[in-house]
Every structure is written in structure tokens, then in C-alpha cells.
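One structure below.
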Amino acid sequence: MDETPKRFDRIVAILIQLQSKRIVKAHELAERFEVSLRTIYRDIRTLEASGVPLYSEAGIGYSLLEGYRLPPVMFTREEASSFIAAEKLMQKFIDKELGSHYASATFKLKAVLHNSDKDWVSSIESNVLMQPASSLFNEKSPNTLALLFKSIAEKTQVILRYKTAEAEQTVERAIEPVGVFHDNNNWYTLGYCHMRNDYRQFRADRIQEIYTTEIPFTIIHQPLETYLKKDKLVCPTTKVRILVDRKIAKYLEYEKKYQGFVSEQVAGENIEMTFLSPDLENSFARWYLMFGDCASILEPERLKARVSELLDKMQSGIRKDSTNIGSE
């Protein structure tokens, strides 16, 4: 099989990636194209031999000479359609400011397409909708993500007016944002909080207001993933085992991962599921009530007691409501 066309496409793609970042590491290219480092080194030498002004530093990576650029590369219609899907996601899952920037970039992308491809993309665009389950940002702070991104890039502190789930009043926090992540249908920022003198997570829809400052970071922070892994390691958990009717178990696929799901196995007409729950008393117990009539608790006893307690409260509320209706 002739590998020449495949290699040519890879070399062009490497050149495009070199234009997309200031420094590109060889192992990043090898992972992306699923080839060996030796192959990447050979492709880099081919680019250099063709006159592309590259320079490299051992242990750092490759860079293009400042100012060197190729003319814009045409997108295929399939590549353009992937941007349409991304634009729909951006419109619903990021804040107003970032959404407007992405829309502007998408218009530029469409401008370089052939007319036939523009029609092809438009037919897809008008028939793709995204409907998020809930509002991801507080209406008083519509540009939360954009300001957090700016803070992270410039390494300057931000001031948050933040309202927790339990508090009635907002509190003001000066933080150094380390990163932003999306989890369980919500956006979060993890940052060093100067009031707590420790790292804390803040949910975007609870940020009432956000202000940028020119105050520089006081700490050199590790990558975001480092802190998220650390949180998972230190968070205390409780082992839970439940039996769920096989007909019901399939409907729990999405939500069970947020309850600390570990494993499952077939047990006759049931599925035995094992969890390491970070919040047994509230999150897991209340989630279990959703399907508890088709399940049973194997362990721990504390979960059985908590579910019984919640059921008693529900029964009490129902009896109270019935009494009030009767008295009217």
C-alpha cells in the first residue's frame, strides 16, 4: 500500500499545528497522528528541507520563525460541519461574550467555503438544536467564563460576589483562578481563595458578580488536573452495595456515575451495583428514593436508616397536607 498520500496529509497537518501554537512538542504530534517519535522527527526534517523556517530546543519543542505564515487552508465540508455542531454547543453552554466571539469566528470560517459547501452547511445548521437542562450562568453575571479565562491567561486575581446553596447573603471572595471545568451539568472554577487561604471550587451559576483586577497571582499554581485528582483522593467516601431490578438499571446509566459508581454484576433478575459515595446522607439517599421501589440496599445499614428517615418525613408531610385539605 502506498503511504505517500497519507504521509503528505500528515506533514501538512503538522505544519498547520505548528502555526496554531508557539511551541509544539514531538510527543504531542506522535500521539495525535498515532505514529512513532522517529516518524515525527523524519517529517520535521522534510519540512525543514522544503524551506519551512523551524527551530527547536532539546526537551522543549518545535517553533516556527516569528512572522512565518502560510495562506489560509480550505476546510472540507465535513470539517466545517463539525464547527456548526460546536457553535450550537457554544451558544448554549458558554457565556454571552465567549458565544459572540465564537459566532464571529464561525462567520469567518463560512466566508472561505465554496458556495456549494455553504449551502450544504446551512442545511445542517438550521436543523441542529441544543437544549441545556438548566441555566449555567447567573443573569447578573453573563460574562463569567470570559472574565475567568482572561484572569487565568493574564494571571491576575478576580473578585467574586458568591452565594452558596445554603447562604442567604452573598460573600465577597478574592481568588486566583487555576482553571475552569464542566461537571454534572454545571460550570465550575477552581481557584486559590484568599479568604480561606486554600483552594476552593465555585459554581458559575452561583457567581452573582465578577470583577477583574490588576493584582497579580501570589502563588505559582499547578495544572488544574492536579487539584481535581487531589480532591478525589482526600474526599471521604462510603461503600454502598444495592440490588436493582434489571429493567430499571438501564435507566440509571447516566446518573450513577455522579454517585461514585465503581462496578456492577448480574445477580439473577437484578444488577448488583457498588459505589463509593461521597455524600451518603443526602445525595445518594435522595437519589435512591427515585427508584427504591425496584431496588434493595445490601449495605451499609446507615443508608437503610437514612432512607427510612426520609420516607417518614415524606409520610408526615402527606398526612399533614391531607389534614389541611380536610379542614377546609
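Everything quoted here is computed from the prediction, not taken from an experiment.
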Should the pair E28-K25 be classified as a salt bridge under the 4.0 Å nitrogen-to-oxygen rule?
-> no

Going only through I, L, V, M, F, W and Y residues with side-chain contacts under 4.5 Å, is there a path from L310 to I242?
-> yes

Does the side chain of L147 reach to within under 4.5 Å of the side chain of V158, using non-hydrogen atoms?
-> no

Starting at CG of L64, measure out to CG of L18 and round the result to the nearest 0.5 Å.
-> 5.0 Å

Between the CD atom in E281 and the CG atom in L303, the distance rounded to the nearest 0.5 Å is 8.5 Å

In terms of side-chain geometry, is the basic nitrogen of E299 or R241 positioned less than 4.0 Å from the acidic oxygen of its partner?
-> yes

Taking all atoms of both residues into account, what is the closest heavy-atom pair of F217 and S151, and its distance?
-> CZ-O, 3.9 Å

Answer yes or no: is there a side-chain heavy-atom contact under 4.5 Å between M290 and E255?
-> yes

Could you go step by step and tell me if S141 and R161 meet the side-chain hydrogen bond (donor to acceptor under 3.5 Å, both in side chains) rule?
-> CA-CA 10 Å; S141 182; R161 290 189 59 79; over 6 Å; no

Any side-chain heavy-atom pair of R7 and R42 under 4.5 Å = yes

Give a yes or no on whether V262 and W287 share a hydrophobic cluster (residues Ile, Leu, Val, Met, Phe, Trp, Tyr; joining criterion: side-chain heavy atoms under 4.5 Å apart).
-> no

Looking at G179 and I152, what are the two nearest heavy atoms and their distance?
-> CA-CD1, 3.7 Å

Check the angle between the aromatic planes of Y192 and H194 and answer parallel, tilted or perpendicular using the 30° and 60° thresholds.
-> perpendicular

Pairwise distance CZ(R286) to CG(D279) - rounded to 0.5 angstrom | 9.5 Å

In terms of heavy-atom contacts, does CD of E225 have more than 12 from other residues, nucleotides or ligands at under 6.0 Å?
-> no

Any ion pair linking E253 and K250 (charged N to carboxylate O, less than 4.0 Å)?
-> no

Would you say the side chain of F284 lies within less than 4.5 Å of the side chain of V307, judging by non-hydrogen atoms?
-> no

Tell me whether Y55 is reachable from L47 by hopping between hydrophobic residues (I, L, V, M, F, W, Y) whose side-chain heavy atoms are closer than 4.5 Å.
-> no

Answer yes when K256 and E264 have at least one side-chain N-carboxylate O distance shorter than 4.0 Å, and no when they do not.
-> yes

Side-chain contact, heavy-atom cut-off 4.5 Å: H182 with Y188?
-> no

R200 with D198: basic N within carboxylate O range, under 4.0 Å = yes

Under the criterion side chain to side chain contact (heavy atoms under 4.5 Å, CB included), which of I207, L98, N138, D205 is the partner of T144?
-> I207

Could you verify whether a donor N or O on one side chain and an acceptor N or O on the other, from S283 and Q259, lie under 3.5 Å apart?
-> yes

From L160 CG over to K163 NZ, what is the distance, rounded to the nearest 0.5 angstrom?
-> 15.5 Å

Inspect the surroundings of OH in Y251 and state if more than 12 heavy atoms from other residues, nucleotides or ligands are less than 6.0 Å away.
-> no

Side chains of F137 and L145 in contact at under 4.5 Å (non-hydrogen atoms) | yes

Might you point out which heavy atoms bring V178 and P223 nearest each other, and give the distance in Å?
-> CG1-C, 4.4 Å

Between K247 and D245, is there a side-chain N and carboxylate O pair less than 4.0 Å apart?
-> no

Are L37 and F33 grouped together when hydrophobic residues (ILVMFWY) are joined by side-chain heavy atoms under 4.5 angstrom apart?
-> yes

Answer yes or no: is there a side-chain heavy-atom contact under 4.5 Å between V24 and I14?
-> no

Side-chain ion pair, K304 and E301, N-O less than 4.0 Å | yes

Answer yes when K155 and E176 have at least one side-chain N-carboxylate O distance shorter than 4.0 Å, and no when they do not.
-> no

Assess whether side-chain hydrogen bond (donor to acceptor under 3.5 Å, both in side chains) is satisfied between R302 and T238, documenting all intermediate values.
-> CA-CA 10 Å; R302 185 156 59 95; T238 302; 3.2 Å; yes

Could you state the interatomic distance from CG (L15) to OG (S50), rounded to the nearest 0.5 Å?
-> 8.0 Å

Between atom CG of D43 and atom CZ of R38, what is the distance when rounded to the nearest 0.5 Å?
-> 12.5 Å

Taking all non-hydrogen atoms of both residues, which atom of I94 and which atom of G99 are closest, and how far apart?
-> CD1-N, 3.4 Å

Single-linkage hydrophobic cluster L298~F261, side-chain heavy atoms < 4.5 angstrom = no

Parallel, tilted or perpendicular: which fits the ring planes of F202 and Y162, with parallel below 30° and perpendicular above 60°?
-> perpendicular

Answer whether the closest heavy-atom distance between the side chains of L224 and T226 falls below 4.5 Å.
-> no

